[in-house]
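Heads up, the thing below is written out as structure tokens.
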Amino acid sequence: MSKVRVILPDGSVWEAEKNVTPLQILERWKPTEVERFLLAEVNGQPWDLFRPVADEEIHIRFLTFDDPPARDAYRHTTAHVLAQAVKELFPNAKLAIGPPIENGFYYDFDIGRPFTEEDLQKIEQRMKEIVAADYRLKRLELPKKEAEALLRQAGETYKLEILAELDEETVSFYQQDGFIDLCRGPHIPSTGRIGALKLLNSAGAYWRGDERNPMLQRIYGTCFPTAEALQEHLTKLEEAQRRDHRRLGRELGLFIIEETIGSGLVLWLPKGGFIRNLLEEMWRAEHLKRGYQIVYTPHIARTELWDRSGHTQLYSDFMFPMMELESQKYLLKPMNCPLHITIFKTETRSYRDLPIRLCELGTVYRYERSGALHGLTRVRGMTCDDAHIFCRMDQAEEEFAAVVQLALRWLRLFGFDEFTVKIATRPTDKFAGTLEIWDQAESIIRSVVDNLNLDYELDVGGGAFYGPKLDIFLSDCLGRKWQCSTIQLDPNLPLRLEVNYVGQDNRDHPVVMIHRALFGTMERFMAILTEHYAGAFPTWMAPVQAIILPIADRHLSYAQSLQNGLKELGARVEINSKREPLSGRIFDAEAAKIPIILVVGDREVRDGGASVRLRGKKDLGYMPLTVLQQWIQEQIKTPKLDP
RNA sequence: GCCGCCGUAGCUCAGCGGAAGAGCGGGGGAUUUGUAAUCCCCAGGUCGUGGGUUCAAGUCCCACCGGCGGCUCCA
């Protein structure tokens, strides 16, 4: 019998029998803590606690729910419990896939009809029984042939399809109780280790996400080690709902999407319009300071322009249909670049003129499928905070890096400080230009990211049709990620559209373009801000910064003079002199999320100043006028980028 | 687009075969009010649109329009 050398996390080295399981090691090493651990990591590989190890020397670690691989295994096992329950209740159901996902898991089934609310309840009930029964999980490995026979006999056609795509000679199955499933694993040792679970909803989902495939029924669920942790997660989901920008947008008078206008088309109400204008003014000032030039372009342009740019061939799926008048054909613009290019080409540009940076808050229209629309985050008419930088190839890296840095600093101004960077590379089918040019562009982006020491993820094939890009996602206060800034390096449109400069050699050379947006679109950014702040915008951004509540009519003229004084300091101040009790008007002001409430009555009229209350907080007490003025100025100060 | 659910007053929703309701908001009146909702009265709806079933349709059926959730985070 050969031996295994086991190296534990604390550095101690043991000898064990061959085919020892991590669980056996754990029972010897930490007999009192066995229950805490869900999964092992053997020589860097996630490994079932119950799976014998074959190597002669192993470095082993034990993982708990707090380690992502173990959490995934935990939820993956729960997905198997879901599948077992469904198979028992609906023997004709065919299994598709059931992976763990960010906050839970799902499993796709083909049962020929949608699940009902009652189905879900029954399934969840059955799942809890399976958990209570505490079935052990087993891993078995079968040669592909035998696996195929097994799945064929079970009528699991989707699993057969998956199997056919696997290269391995032998494949693994996991089994608990009478349920067996083709699965890569890993899993937790037994169903009894699952603490609290809940099925959330079911919905149609195409097999492999492709609408040409049959529609399956997906059940989403989540699970946590304890009922408290599950409840915490459910509360968070409710909190997200409470912050839904579509709801807050209406309640706070920010924006609305109205049937009579059309799906995906936004009406900005005065308060939302105020915030947007504020952001846009900051944006313009910042861009002028940084050598950008502001341009304006029309919403429609002749089809020939879009033919030349390649949009009608490569982007037509997202474009509104053509309109024709006086035998001229026009298209609504889905992007601003061809128009900015046209502006660039109005003059012959010397190498000394570059870079030229044209920017515009340009409204574009894109056809999004009705089912994809969502509030302000997925719309059909949107304003991009767009810019196109025309530069030489030797300037591209520096310009690109400057934009990345600007974008990160810009987003921090609005209260975000956690970002994810994703590099999206050449699409597999619809792309313009040659592979060499794409490779060069992609390597420039990588070099920028490396020099700035940014961690990034790779989105293979996610680039625009004309070039690779770097997308910046921000995380809001609930940890949700949103795509905002996008910076695209485009060596292809300039070639196609002959966007050239005259070099030192007196010859034409193609420019390189950088397409970029910082906010992304004004619509989406407004949605993100609204949800991040739950409608309680920072004072500098709030459409109404302070509201004065005179206690009785006799205090109104004092309230007005106070209002005028504060307005002179630049504050946005209103008065609510409705003849309602103070508490009622405070309630209204809090509901409107006005940051500062100023109460004035006999005392304040006599002494000057006001009683101050901050949004969400109790009475801060009386402030004399001079103190109040200074304090207000501090409160309303707009954040600025350093030069 | 596809699957499921949902469309009743400006907003949020109850009513689900037998005379259209509530709260908020709006209008009017009373109250002159001290830190998260003062009281009373009133107006407001071809119950998303169009067809059908029925003695009778917000209510059941069909189509369309619109909204919501989901449609690879791959064994």
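All chains are named by letter (A, B, ...) in the order of the sequence lines, taking the proteins before the strands, and each is independently numbered beginning at 1. Because the structure is a prediction, the values reported are computed rather than measured. The basis for the numbers below is simple: all heavy atoms, side chains too, and nothing from hydrogens, waters or symmetry mates.
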Sub-6.0 Å ring centroid separation between A:Phe105 and A:Tyr107: no
For the [atom1] atoms, the ones on [N] and on [M], what distance do you get once it is rounded to whole angstrom?
N: B:C62; M: B:U46; atom1: P; value: 26 Å
N: B:C55; M: B:C3; atom1: C1'; value: 39 Å
N: B:C61; M: B:G23; atom1: C1'; value: 34 Å
N: B:C71; M: B:U49; atom1: P; value: 32 Å
N: B:A43; M: B:C64; atom1: P; value: 40 Å
N: B:C41; M: B:G70; atom1: C1'; value: 48 Å
N: B:A9; M: B:A20; atom1: P; value: 15 Å
N: B:G58; M: B:C6; atom1: C1'; value: 14 Å

Check the pair A:Asp471 / A:Thr486 against side-chain hydrogen bond (donor to acceptor under 3.5 Å, both in side chains), numbers first and verdict last. CA-CA 4 Å; A:Asp471 291 327; A:Thr486 180; 2.7 Å; yes
Partner lookup for [N], please. Criteria are Watson-Crick or G-U wobble with both distances under 3.5 angstrom; report none if nothing qualifies.
N: B:G7; answer: B:C65
N: B:C47; answer: none
N: B:G21; answer: B:C13
N: B:C39; answer: B:G29

Indicate, with a heavy-atom threshold strictly under 4.0 Å, whether A:Leu166 touches base, sugar-phosphate, or nothing.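 Base contact.
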Within the structure shown, what part of the strands sits under 4.0 Å from A:Pro114 by heavy-atom distance: base, sugar-phosphate, or nothing? sugar-phosphate
Can you find a side chain N or O atom of [X] that sits less than 4.0 Å from OP1 or OP2 on [N]?
X: A:Tyr220; N: B:G4; value: no
X: A:Ser583; N: B:U38; value: yes
X: A:His374; N: B:G69; value: yes
X: A:Arg246; N: B:G69; value: yes
X: A:Arg218; N: B:C71; value: yes
X: A:Arg613; N: B:A36; value: yes

Hey, which sits more toward the 5' end of RNA chain B by its nearest nucleotide, A:Leu216 or A:Ala96? A:Leu216
Between [X] and [Y], a side-chain donor and acceptor under 3.5 Å:
X: A:Asp317; Y: A:Tyr367; answer: no
X: A:Trp207; Y: A:Asp108; answer: no
X: A:Asn201; Y: A:Tyr106; answer: no

Check the orientation of A:Phe50 and A:Tyr174. Use parallel for under 30°, tilted for 30 to 60°, and perpendicular for over 60°. perpendicular
Mind telling me whether B:G48 is syn or anti, cutoff 90° either side of 0?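 B:G48: anti glycosidic orientation.
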N/O donor-acceptor pair, side chain A:Ser611 with base B:G34, under 3.5 angstrom: yes
